Enquirer: 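Have a look at the structure that comes next, please.
A quick note: this is a predicted structure, and the numbers were derived from the prediction, not measured.
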Amino acid sequence: ILSILVLAAGFLSFTGYLYSVRHFYSIANFNTVSFPGTLILICTSSAILFSQPEQGLMKAFNEKTKAAKVGTLQVLFLISLLLILGWLCIEGYKAGYYDMQFGLGMMLVTFIVIFLLTLISGIRELNRTEAKSNQLYRMKEKSEKDLRQIMDNSSGMIASIDREHRIIAFNKALENEYKFFSGMYLRPGVIHYHVFPPEGREVWKSKINETLEGNPVKFERTYEIGGEKKYVEICLYPIRGGSATEGVTCFVTDITERRK
């Protein structure tokens, strides 16, 4: 707040020098603020504000969005425009080209026209950005839907697992097999191997941890369902996010017929 007050005082003094209004930079019985001093006030207060871009007034202009960028440019442009138009109005009046009423009227009309044009330009830019964002969202939504259909149409069981070993996505084949084996519905956030005996839990836990270290893993397991043995081949692949492994993709294939 103090920086904003100092910036306002400096800006007022600068406006006084620009328009030759002595009362803006001088008070009776007090020394005037020199023009270099005015610039120092503006630069110092601006530096303090810009040194904390995540706080206060600067936070709105520092957002990593198109709206913040467009808004910042428009604010700077309109402030500069208003100062220039005011200076031209006063200088034209001093030169005797017109009276003050005409100058103020022309200044006001010019500012309104340019302000509207700037506003329309900003709205169009934001509309283009939003339209592009909506298009990307629809494409992503369609891509996810297509991927879901591919997964659900696969005869193998597919799942993705996060670093805490929780299932975050799975296909119909795995959902049905899990329900048949455990009698429970599979839900996102479940650690699936908790339904297995202790020995099976430790195998799954160690294999997933090995994959999270960046190593693809393939192994086989045998389960007994309804008195019949079932053989499955399990392939685990790391999901990489830059240099780190963010999760695991799991493919489970029924190889019972192959074993017979």
Side-chain angles (χ1 to χ4, degrees), residues 1-140:
I1 295 176
L2 183 60
S3 299
I4 296 174
L5 293 176
V6 173
L7 179 62
F11 188 76
L12 182 65
S13 179
F14 177 80
T15 305
Y17 278 104
L18 184 65
Y19 296 156
S20 300
V21 182
R22 183 176 177 82
H23 293 295
F24 281 8
Y25 58 85
S26 175
I27 302 176
N29 301 323
F30 290 92
N31 293 329
T32 60
V33 180
S34 66
F35 186 72
T38 297
L39 296 180
I40 290 173
L41 285 176
I42 293 175
C43 292
T44 303
S45 56
S46 298
I48 294 174
L49 289 174
F50 281 108
S51 68
Q52 299 176 325
E54 303 297 333
Q55 300 178 12
L57 179 67
M58 300 305 297
K59 184 176 181 180
F61 297 103
N62 194 52
E63 296 290 340
K64 306 300 181 182
T65 62
K66 192 70 174 181
K69 182 178 179 180
V70 172
T72 301
L73 292 176
Q74 287 187 345
V75 168
L76 293 175
F77 172 72
L78 291 174
I79 290 176
S80 302
L81 175 66
L82 192 57
L83 290 173
I84 293 171
L85 288 177
W87 179 79
L88 289 174
C89 175
I90 292 176
E91 291 302 312
Y93 170 74
K94 288 180 178 179
Y97 294 136
Y98 43 73
D99 57 23
M100 183 56 71
Q101 291 83 352
F102 179 85
L104 287 175
M106 287 299 298
M107 171 187 165
L108 185 60
V109 170
T110 304
F111 179 77
I112 290 174
V113 170
I114 297 178
F115 174 79
L116 290 176
L117 291 175
T118 304
L119 188 62
I120 292 171
S121 174
I123 291 173
R124 285 178 176 174
E125 183 66 27
L126 292 177
N127 285 340
R128 283 194 295 268
T129 303
E130 187 173 351
K132 186 177 180 180
S133 177
N134 290 337
Q135 182 182 10
L136 291 174
Y137 176 78
R138 287 193 295 269
M139 290 173 62
K140 180 183 177 183

Enquirer: Can you tell me how far OG of Ser121 sits from CG of Leu126, rounded to the nearest 0.5 angstrom?
Expert: 9.5 Å
Enquirer: Should the pair Phe102 and Tyr98 be assigned to parallel (<30°), tilted (30 to 60°) or perpendicular (>60°) ring geometry?
Expert: tilted
Enquirer: To the nearest 0.5 Å, what is the distance between OG on Ser13 and OH on Tyr17?
Expert: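 Here the interatomic distance stands at 5.5 Å.
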Enquirer: Output all residues satisfying salt bridge (Lys or Arg N to Asp or Glu O under 4.0 Å) with Glu125, sequence neighbours left out; order by chain, then residue number.
Expert: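 So Glu125 forms a salt bridge (Lys or Arg N to Asp or Glu O under 4.0 Å) with Lys66, Arg128.
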Enquirer: Does CD belonging to Glu130 count more than 12 external heavy atoms closer than 6.0 Å?
Expert: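 For Glu130, atom CD is not crowded (no more than 12 foreign heavy atoms under 6.0 Å).
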Enquirer: What pair of heavy atoms forms the shortest contact from Tyr19 to Leu83, and how long is it?
Expert: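 The pair with the smallest heavy-atom distance is OH-O, 2.9 Å.
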Enquirer: What closest approach, in Å, do Phe115 and Leu78 show between heavy atoms, and which atom pair accounts for it?
Expert: CD1-CD1, 3.4 Å
Enquirer: Are the side chain of Thr118 and the backbone N or O of Ile114 linked by a donor-acceptor pair below 3.5 Å?
Expert: yes
Enquirer: Heavy-atom count around Tyr93 OH within 6.0 Å, excluding the residue itself: above 12?
Expert: no
Enquirer: Can you check side-chain contact (heavy atoms from CB on, under 4.5 Å) on Leu41 and Leu7, steps first, answer last?
Expert: CA-CA 7 Å; Leu41 285 176; Leu7 179 62; over 6 Å; no
Enquirer: If I take atom CD1 from residue Ile84 and atom OG1 from residue Thr110, how far apart are they, to the nearest 0.5 angstrom?
Expert: 12.5 Å
Enquirer: Should Thr44 and Val6 be marked as a side-chain contact (heavy atoms from CB on, under 4.5 Å) after you check the CA-CA gap, both sets of side-chain angles, and the distance that decides it?
Expert: CA-CA 9 Å; Thr44 303; Val6 173; over 6 Å; no
Enquirer: Working to the nearest 0.5 Å, report the span between CG of Leu104 and CG of Leu85.
Expert: 11.5 Å
Enquirer: Roughly how far, to the nearest 0.5 Å, is CD1 of Ile90 from CE of Met100?
Expert: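 Reported to 0.5 Å precision, the distance equals 6.0 Å.
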Enquirer: Search all heavy atoms of Gln74 against all heavy atoms of Gly122 and return the closest pair with its distance.
Expert: NE2-CA, 3.1 Å
Enquirer: Kindly say whether Thr129 contributes a backbone atom to a donor-acceptor pair with the side chain of Ser133 at under 3.5 angstrom?
Expert: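 Judged by distance alone, no pair lies under 3.5 Å.
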Enquirer: About how many Å separate CG of Leu82 and CG of Leu108, when rounded to the nearest 0.5 Å?
Expert: 10.0 Å
